[in-house]
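So the structure is just underneath, and the comments pick up after that.
The figures that follow rest on heavy atoms only: side chains count, while hydrogens, waters and symmetry mates do not.
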Amino acid sequence: VQLQASGGGLVQAGDSLRLSCAASGRTIGTYVAAWFRQAPGKEREFVTCISWTGDRTYYVDSVEGRFTLSRDNAKNTVDLQMNSLKPEDTAVYYCAIGSTYGVVSGTSYDYWGQGTEVTVSS
């Protein structure tokens, strides 16, 4: 499976961005999908995940209420809508897929995209 993340950019605080993760090589409809991020000088951190049916989502507290994760299994895509962006959201964002819902450890995810950079200016 190849994952291609896109949609990053430079925005101002309070703006919105929509990240997309497109999969190829295999359907991801039976995988849990997630987004992680890595800010400059920090370790990679879990952001959110979605069940393979899309009926359950889980968010880290810092993005709860601002970010919305969705998926379209027919299109083999996973999208992250990010609203009310803050400077602390600045990071490289990575999509990943795995087998277990709700896992925040990156080691539990099997496939990763290349990352898309999000910069939020104050």
Do side-chain atoms of [X] reach the backbone of [Y] as a donor and acceptor pair under 3.5 angstrom?
X: T48; Y: Y58; answer: yes
X: Y94; Y: A34; answer: no
X: Q114; Y: A5; answer: yes
X: S84; Y: R66; answer: no
X: R37; Y: V118; answer: no
X: R71; Y: V32; answer: no

Mind checking the [atom1]-[atom2] spacing from [X] to [Y]? Nearest 0.5 Å is all I need.
X: F67; Y: S16; atom1: CZ; atom2: OG; answer: 9.5 Å
X: S62; Y: D89; atom1: OG; atom2: CG; answer: 7.0 Å
X: E88; Y: S122; atom1: CD; atom2: OG; answer: 10.0 Å
X: W52; Y: S99; atom1: CH2; atom2: OG; answer: 12.5 Å
X: D55; Y: Y101; atom1: CG; atom2: OH; answer: 8.0 Å
X: T116; Y: Q4; atom1: OG1; atom2: CD; answer: 9.0 Å

Count I, L, V, M, F, W, Y as connected when their side-chain heavy atoms are under 4.5 Å apart, and connections chain through other members. Are [X] and [Y] then in the same cluster?
X: V11; Y: V47; result: yes
X: I50; Y: I97; result: yes
X: W112; Y: Y93; result: no
X: V92; Y: L19; result: no
X: Y109; Y: V60; result: no

Looking at every non-hydrogen atom in both residues, tell me the closest pair between [X] and [Y] and how far apart they are.
X: T107; Y: S105; answer: OG1-OG, 2.7 Å
X: A23; Y: I28; answer: CB-CG2, 3.4 Å
X: S20; Y: D79; answer: OG-OD1, 2.9 Å
X: P40; Y: T90; answer: CD-O, 4.1 Å

Report yes if the side chains of [X] and [Y] come closer than 4.5 Å at any heavy-atom pair, otherwise no.
X: Y59; Y: T68; result: yes
X: L3; Y: C95; result: yes
X: T27; Y: N76; result: yes

Q. Are a donor atom and an acceptor atom from the side chains of Q81 and N83 found within less than 3.5 Å of each other?
A.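 A pair is found: one side chain offers a donor N or O, the other an acceptor, under 3.5 Å apart.
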Q: Please test V120 against D15 for side-chain contact (heavy atoms from CB on, under 4.5 Å), starting from the C-alpha separation and ending with a verdict.
A: CA-CA 8 Å; V120 184; D15 286 350; over 6 Å; no
Q. What orientation do Y31 and Y111 show, parallel under 30°, tilted 30 to 60°, or perpendicular over 60°?
A. perpendicular
(Q) Parallel, tilted or perpendicular, judged at 30° and 60°: which one describes the rings of F36 and F46? (A)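 It falls in the perpendicular class, over 60°.
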